[in-house]
Protein chains: 2
Amino acid sequence: MLTDVLRRFNRTYTQRIGVLDDSFLGTGRPLAVSRLLFEVGETPGTTVRALRDRLDLDSGQLSRMLRRLEADGLVTTVPDETDRRRRLVRLTPTGQDAYDDLEHRSERRAVELVAPLTGRQQERLADALRTADILVRAATVRLEEVASDAPVAREATRRYFAELDARLPAGFDPGGPDAPEPGATYVIATSGGEPVAYGGIRPVLDDGTAEIKRMWVHGDWRGAGLGGRMLRHLEALAAGQGHRRVVLDTNGTLLEAIAMYERAGYTRIARYNDNPYAEAFFEKPL
Amino acid sequence: MLTDVLRRFNRTYTQRIGVLDDSFLGTGRPLAVSRLLFEVGETPGTTVRALRDRLDLDSGQLSRMLRRLEADGLVTTVPDETDRRRRLVRLTPTGQDAYDDLEHRSERRAVELVAPLTGRQQERLADALRTADILVRAATVRLEEVASDAPVAREATRRYFAELDARLPAGFDPGGPDAPEPGATYVIATSGGEPVAYGGIRPVLDDGTAEIKRMWVHGDWRGAGLGGRMLRHLEALAAGQGHRRVVLDTNGTLLEAIAMYERAGYTRIARYNDNPYAEAFFEKPL
DNA sequence: TATTTCATCTGACTAAAGTCAGAGAATGCT
DNA sequence: AGCATTCTCTGACTTTAGTCAGATGAAATA
């Protein structure tokens with residue numbers, strides 16, 4: 001059913017909106033090279049590796065295209081001082097002009113495309129595309145276990161703490177550096193390599209209880225059901241490790257989080273730790 | 001604003017849904033050939049010409065790809081007996097198998113893509129894509145003047161009459177063959193070569209009045225604002241020809257049509273002709 | 001009936017995209 | 001310190017895709 005709609009849309013899309021990419025034609029550069037230039041412009045200072053992943057290109061092919069852009073004076077590549085195997089790619093001023101040109105072409109195409117619609121129709125289309133966008137992106141998020149000291153996990157933790165600090169009335173101080181937590185498992189959700197949600201479990205007592213820790217969802221991704229998905233994932237993980245009950249704590253000001261836990265079947269219990277930032281405590285049998 | 005959403009979606013799309021086309025890979029045939037095979041399977045018995053338009057290919061390239069599919073025993077091409085310049089393309093049984101395989105691959109990909117979403121999210125996505133689909137298709141409809149005896153105009157007229165016949169309580173009989181209407185102008189709206197809306201104007205009196213005739217919108221395209229767009233187009237055409245007023249008649253059972261005319265600023269007037277099927281009469285100053 | 005126009009095809013190309021093996025430098029791991 | 005791994009690059013391809021100029025046969029048109 002949905003797949004029919006999806007496939008039908010796919011056809012419409014490739015025939016009609018796909019021509020947005022045609023705007024990259026007529027620049028005197030092949031499509032792939034323009035796409036690369038555009039990608040460099042979107043994410044200045046990325047590594048060659050990241051471009052390769054993002055555009056799904058052969059390393060040789062990408063390298064040659066970069067040489068071509070360099071020869072045209074559009075990009076520069078310099079070694080990454082933190083890891084000199086990597087090279088960082090940036091636009092030159094000329095490259096920035098070429099990028100701006102691509103932007104304008106793409107924008108013009110988009111304007112042309114929607115011009116025949118009335119104002120109301122344009123609003124409906126914008127709503128529909130926004131919804132589709134976030135759902136499709138949410139659908140393609142990948143959940144993976146990570147070590148809690150992996151760079152992407154550190155980054156997610158940093159953002160989690162930063163958000164607590166911003167939202168709790170008295171701020172938040174994580175205290176010293178991470179203490180190692182024996183038996184803990186952390187899971188990162190990434191979209192295009194960027195962390196978008198994070199969370200973990202650790203065994204608390206020998207009575208078959210696991211605690212859910214550091215549940216965090218990227219601000220741009222609220223409302224996409226990622227929190228619920230992460231929660232289900234962690235519960236399944238805990239069950240797989242033999243736990244029969246999960247508990248968690250949270251601050252009383254995090255209302256959406258509390259609502260989500262309640263929707264997910266968690267019930268309030270009494271304080272079970274001395275975490276000064278925690279005000280609400282939950283449990284759920286598995 | 002909308003263009004931002006559109007362009008953002010475009011990126012999400014090419015990265016995530018676009019891979020639906022990748023399902024055509026791994027079949028031992030290049031992507032373009034698979035696409036062609038798929039297109040032939042979707043519209044059995046099309047002409048080479050139609051495929052060329054639909055896939056936007058060079059005639060030589062298409063011809064060679066067809067030879068390749070023929071050599072693989074997947075399609076057959078036979079001359080079109082009604083016009084022996086044209087050739088009709090059909091799948092062989094082997095070709096049908098290969099088409100089914102493409103279908104399955106594409107379906108599987110679609111299922112995988114949306115699997116992580118909850119039921120409610122899948123519904124929301126389906127709604128959003130359905131809306132986006134019809135609006136994007138509506139936006140890319142082309143309006144062109146046609147001779148009222150052009151094949152596409154005849155086809156639209158036939159459907160218009162068929163619909164009247166189905167909807168009017170007493171049925172509808174168009175009478176004899178079309179009488180030539182001096183000074184009449186007809187406009188066809190097409191999407192991918194198919195007629196989706198139709199209408200025309202003809203001068204009625206020498207007092208600067210034009211009459212709108214044969215307004216028809218394809219059943220699958222109701223609610224996409226095509227009727228209103230056609231109406232505005234015809235009004236502009238009439239104004240351009242020096243008319244200062246348009247009139248039209250319609251049957252009382254065509255409620256959406258009447259509602260549309262009223263929304264568009266038409267007011268009811270007295271009967272101005274002896275058309276036995278007409279029960280409501282409208283005018284609008286230009 | 002002569003001449004345009006149309007639909008399809010072949011030949012002879014060029015350009016773009018994709019593949020694979022391997023080299024060289026930097027870093028990680030034990 | 002030694003070996004494996006990672007990142008980027010070059011070289012030497014093959015395959016796809018796209019272009020252009022006709023040729024041929026079949027309709028349409030004057």
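Lettering of chains follows the sequences in order, A, B, ..., and the numbering in each one begins at 1.
- For B/Arg159 and B/Trp216, the positive end is not near the middle of the six-membered ring at less than 6.0 Å and at most 45° from its axis.
- For the pair A/Arg52 CZ and D/dT8 C1', the computed distance is 8 Å after rounding to whole Å.
- If B/Arg84 and A/Leu66 are placed on DNA chain D by their nearest nucleotide, the residue sitting closer to the 5' end is A/Leu66.
- Atoms CZ (B/Arg35) and C1' (D/dG18) sit 14 Å apart, rounded to a whole Å.
- Applying the 3.5 Å distance criterion, the base of D/dC9 shares a donor-acceptor pair with the side chain of A/Ser59.
- Mapped onto DNA chain C by nearest heavy atom, A/Met65 and A/Thr82 fall at different nucleotides, with A/Met65 at the one closer to the 5' end.
- Note: CG (B/Asp80) to P (D/dG25) measures 19 Å, nearest angstrom.
- Distance CG (A/Leu51) to C1' (D/dC7): 13 Å, rounded to an integer number of Å.
- Classification of B/Glu103 and B/Arg108 as a salt-bridged pair fails, no side-chain N sitting under 4.0 Å from a carboxylate O.
- Salt bridge status for A/Asp80 with A/Arg84: absent, with no side-chain N to carboxylate O gap under 4.0 Å.
- Using a 4.0 Å heavy-atom distance criterion, A/Asp83 is classed as a sugar-phosphate-only contact.
- Rounded to a whole Å, the CZ atom of B/Arg29 is 17 Å from the P atom of D/dT15.
- Of the candidate nucleotides D/dT10, D/dG18, C/dT8, D/dT10 has the atom lying nearest to any side-chain atom of A/Arg67.
- Whole-Å rounding puts the B/Leu57 CG to D/dA17 P distance at 10 Å.
- If you check C/dT10, D/dT8, D/dA28 against the side chain of B/Arg85, the one that comes closest is D/dA28.
- Ring centroids of B/Tyr198 and B/Tyr160 are separated by 6.0 Å or more, keeping the two rings apart.
- Contact annotation: B/Gln61 does not reach the phosphate of D/dA17 (side-chain N/O to OP1 or OP2, under 4.0 Å).
- On a pure distance criterion of 3.5 Å, no polar donor-acceptor pair joins the side chain of A/Arg64 and the base of C/dG18.
- For B/Arg87 and C/dC9, the shortest distance from a side-chain N or O to OP1 or OP2 is below 4.0 Å.
- Here the side chain of B/Pro30 is nearest to one of D/dT16, D/dT8, C/dA25, namely D/dT16.
- One atom, CG of A/Leu62, and another, P of C/dG18, lie 12 Å apart when rounded to the nearest Å.
- Residue B/Thr47 is the one, among A/Glu81 and B/Thr47, whose nearest nucleotide of DNA chain C lies closer to the 5' end (criterion: closest heavy atom).
- In this structure, A/Arg86 places its CZ atom 7 Å from P of D/dC7, rounding to the nearest Å.
- A salt bridge between A/Arg49 and A/Asp53 is present, with a side-chain N of the basic residue lying under 4.0 Å from a carboxylate O of the acidic one.
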